[in-house]
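What you see is a predicted model, and the numbers here were worked out from it, not measured in a lab. A, B, ... follow the sequence lines: proteins, then strands. Residue 1 opens every chain.
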Amino acid sequence: MEGKWSFLMKSKKNKEIIIVSEDDDKSTNLVIEWLHAYGKSFKRYNDDSFFDLSIFLNKDLKNVLKKYSNNVFWIRRGGLKFSPNLISETFFYNHIKTEEKAVKYFFEKMLYLNRKIYGSSYFEKENNKINNLFLARESGLKIPDTLITTSKKELNLFFNKYDSIINKCIFHPIRFNIDENYKIQGSGTVIVAKENIDFFDDFFSLSFFQEYIEKQYEVRIFFLKDFFFSMAIFSQNDEKTKIDYRNYNREKSNRNIPFELPRKIKNKIKKFIKKSKIDTGSIDLVVNNKNDFFFLEINPQGQFNWVSETCNYYIEKKIAEEL
Amino acid sequence: MIKENVFLLHSNCMPVKGYRRSIICDLQRHEIELIPNDLYEILSEFQGKTINHIKKFYKNKYDFIIDDYFSYLVRKEYVFFTNTPRFFPKMNLEYNSPFEITNAIIDVTYSLNFLALNENIIDQLIKLKCKHFEIRIFDKFSIEDIISLLKMISVKDDFFFQLGLYVKYSNEMDSKFLKNILKEYSFINYIILYNSKVNEFKKFQDLDDRYVVQIKENFLNEKSCGKIDKTLFISNVKTYTESQSNNSCLNRKVSVDKEGNIKNCPSMLQHFGNIKDCTIEEALNHKDFKKYWNITKDQIDVCKDCEFRYVCTDCRAYIEEPDNPYSKPLKCGYNPYTNIWEEWSTNPLKQRAIEHYNFLE
Ligand code: SF4
Ligand code: SF4
């Protein structure tokens, strides 16, 4: 009995947390302060630091990651990088990166199966809005009626069904640098007007449309495994932030206050988390005047210090305790 | 919707009751608004009720005033109406910090080895992971000396910290010079130039929240500290929550006075060793070091009746009755029983304490 316990103590003591982040990420710094306070040992890898990796495939699941048996990984921002710095300055690095990616995703998956990882670069990089909406629906959450189409005819039918519809990007926000002086940047979510549609050809490139939900308030949830921290965002009073609160209103900030998710919704979100295998991130919901909750999207590497500070949640402390 | 729904305060808007009037601390927008005590009663008694319920409670005698109050509260976005009040919990008022020491004051006077002395102190503070420290330079230092001090600190980048700097104004410290200093030393949070020709608050482009304040007042020594003024009130989550259970000046603070004595605050008499023969950590272990840390405004005479008690800073070094650790800060000119601000230093009732602290020395 005693022997068993001392083994446990020992393995706990030698544990080293591997943090993957970016140089200037404030959320990471805050968690690290608490790790210091708790005397937990950790190593931080920023997006430019090299991680020495070896995976042994002809072993069973546990042994594949033998080398990392004392580590737990927290992928806060970006992902691990397996090329020594010298190589990342060469012309063939782009090719190596795709190879790295394949290994990185596999490595993260192995860690996930061994319960040794929080967060992932895979879900951030391959974050699929449409798939997430689908899974949210499958989990019993309401979503705004959504159409992805190339056809003006379908769009017109969709438009006529609702008071108002919106358009937003499917995967990444638009950002083109035409030349030094001329850049194009998407404005996030926009309302689609009849005139816009009339202007279109019969067929256009794939576009994403959604019924506009007249909202009472929005909810931002940060979650890590079983911890949920929610905040209500009251933006309706303000024309500027009516469509999407990320069009931040600089003059007068929205009211942001602590929020308690109703249990039913929380359970459905838990289901979604299980299905999607995304174990941490930020979820955006919108609540209409009938108190219906609609799932909008999830950002797997979403920030938490805004929610934490505004609602006095000390999320950074809870994360440091959990790691 | 408004009529049948119940009202709630946004939970980051905190009503605080004073003797004759109250305030709402808007912790999100960092504002403080005065409100009558009647309105405070309504806010504290009837949250979660409808406006009609409140009107009925007052037998419909004050409908007009109540409507007036609520249109004000809605305009300021202090309240909202909902039919699901259970979704909106109160804000947690816990205050916490990963480190035992969060802030420090180092008083510096000129000596040949001032650099080495202060390097030792700063190394110790960094080891304690102190995040904010204030260096107050009382003598007139040359610009070169100030820069060598900053250079010495700038090599210690192994932990994130912020510095506030008090220096005596001299003509060379023009905007260009100040901006360059702030740019070069990104750990500087603010610079206070005392003995300036003007009172002025300066911010520079691309330098976010960092600033320079010029004040005419001469900051001769530590006795210039401890003023309470409404311009120093802070309405934010950190200050509000910390002042619920801790002292709003002395909690988690350590100081080294100009003689190298380690204290809670440089103005206090009691010290816990000198930096030459004792570490800050050792001093912290003394049983009396933290004796002021948990004195809250709710325990302090007069302050406990003051509507500003959770947004105000405190001072325990200069108090109205030097023998009573729970008496009001000496350098506060506010009277919560009359709501009048007066000059503290000429108040006849304070002369005995003023003499005691020997401010003119
Ligand atoms: S206790 Fe008073 S004198 Fe000491 S640091 Fe605080 S305000 Fe200044
Ligand atoms: S009476 Fe106390 S709480 Fe009120 S302003 Fe003065 S020092 Fe601050």
Side-chain angles (χ1 to χ4, degrees), chain A residues 23-26 28-40 216-217 219 229-238 249-266 285 287 289-293 306 308-321, chain B residues 1-2 4-5 8-14 26-31 73-102 126-131 157-162 186 208 236-242 244 252:
Chain A
D23 191 24
D24 54 359
D25 183 59
K26 194 177 166 199
T28 310
N29 297 344
L30 293 171
V31 171
I32 283 180
E33 288 182 0
W34 285 100
L35 291 176
H36 276 300
Y38 290 135
K40 292 189 171 183
Q216 212 187 134
Y217 51 86
V219 178
F229 301 93
S230 314
M231 177 171 89
I233 298 162
F234 287 81
S235 48
Q236 194 65 96
N237 289 341
D238 206 311
N249 183 345
R250 296 273 165 212
E251 284 114 64
K252 207 171 184 192
S253 46
N254 292 325
R255 275 289 173 210
N256 307 321
I257 56 172
F259 188 76
E260 177 80 42
L261 280 173
R263 185 166 327 149
K264 266 193 196 150
I265 300 294
K266 198 166 172 176
L285 306 176
V287 181
N289 285 326
K290 291 190 206 130
N291 291 320
D292 293 324
F293 287 69
W306 179 46
S308 183
E309 247 172 56
T310 318
C311 300
N312 203 34
Y313 280 147
Y314 290 96
I315 296 177
E316 53 283 2
K317 178 169 181 265
K318 307 248 164 59
I319 293 178
E321 284 163 9
Chain B
M1 169 158 177
I2 286 182
E4 57 274 14
N5 284 349
L8 288 180
L9 266 163
H10 284 293
S11 59
N12 46 29
C13 298
M14 304 286 186
D26 185 338
L27 305 182
Q28 189 192 331
R29 293 181 182 152
H30 313 307
E31 288 166 359
L73 293 167
V74 167
R75 198 175 66 244
K76 295 296 273 181
E77 294 182 310
Y78 291 141
V79 300
F80 65 103
F81 296 88
T82 175
N83 54 12
T84 56
R86 63 186 185 280
F87 294 172
F88 301 97
K90 286 224 156 51
M91 190 148 108
N92 168 19
L93 292 183
E94 172 196 346
Y95 169 83
N96 215 329
S97 155
F99 306 120
E100 189 173 27
I101 295 298
T102 56
I126 289 175
K127 207 174 137 221
L128 289 166
K129 308 237 179 315
C130 172
K131 272 173 74 173
D157 58 355
D158 55 337
F159 193 73
F160 174 79
F161 53 78
Q162 286 184 324
S186 57
D208 303 331
N236 66 23
V237 174
K238 281 272 166 299
T239 309
Y240 190 91
T241 54
E242 187 173 17
Q244 299 293 313
R252 296 181 193 246

[X] portion near chain A, given a 4.5 angstrom heavy-atom threshold:
X: T84(B); result: side chain
X: E100(B); result: neither
X: S97(B); result: backbone
X: D26(B); result: side chain
X: F80(B); result: side chain
X: L93(B); result: backbone

Identify whether the distance between the nearest side-chain nitrogen and carboxylate oxygen of K131(B) and E33(A) falls below 4.0 Å. yes
Taking every non-hydrogen pair under 4.5 Å, which of K238(B), R86(B), K90(B), H10(B) racks up the most with chain A? H10(B)
Taking C-beta and beyond as the side chain, do R255(A) and Y78(B) meet within less than 4.5 Å on heavy atoms? yes
Can you find a heavy atom in the side chain of L27(B) that is under 4.5 Å from one in the side chain of N312(A)? no
Okay, F259(A) and chain B: the region with an atom under 4.5 Å from a heavy atom over there is both
Can you tell me which portion of N29(A) sits under 4.5 Å from chain B's heavy atoms? Options are side chain, backbone, both or neither. neither
Salt bridge (Lys or Arg N to Asp or Glu O under 4.0 Å) partners of residues 308-321 of chain A, not counting sequence neighbours, each pair once: K26(A)-E309(A), K317(A)-E321(A)
Taking the inter-plane angle between the rings of W34(A) and Y314(A) on a 0 to 90° scale, is it parallel (under 30°), tilted (30 to 60°) or perpendicular (over 60°)? perpendicular
What residues form a ring pair (Phe, Tyr, Trp, His ring centres under 6.0 Å) with Y240(B), not counting sequence neighbours? Y310(B)
Are the ring centres of Y217(A) and F87(B) closer than 6.0 Å? no
Pair count under 4.5 Å, heavy atoms only, with chain B: among I257(A), T310(A), L30(A), highest is I257(A)
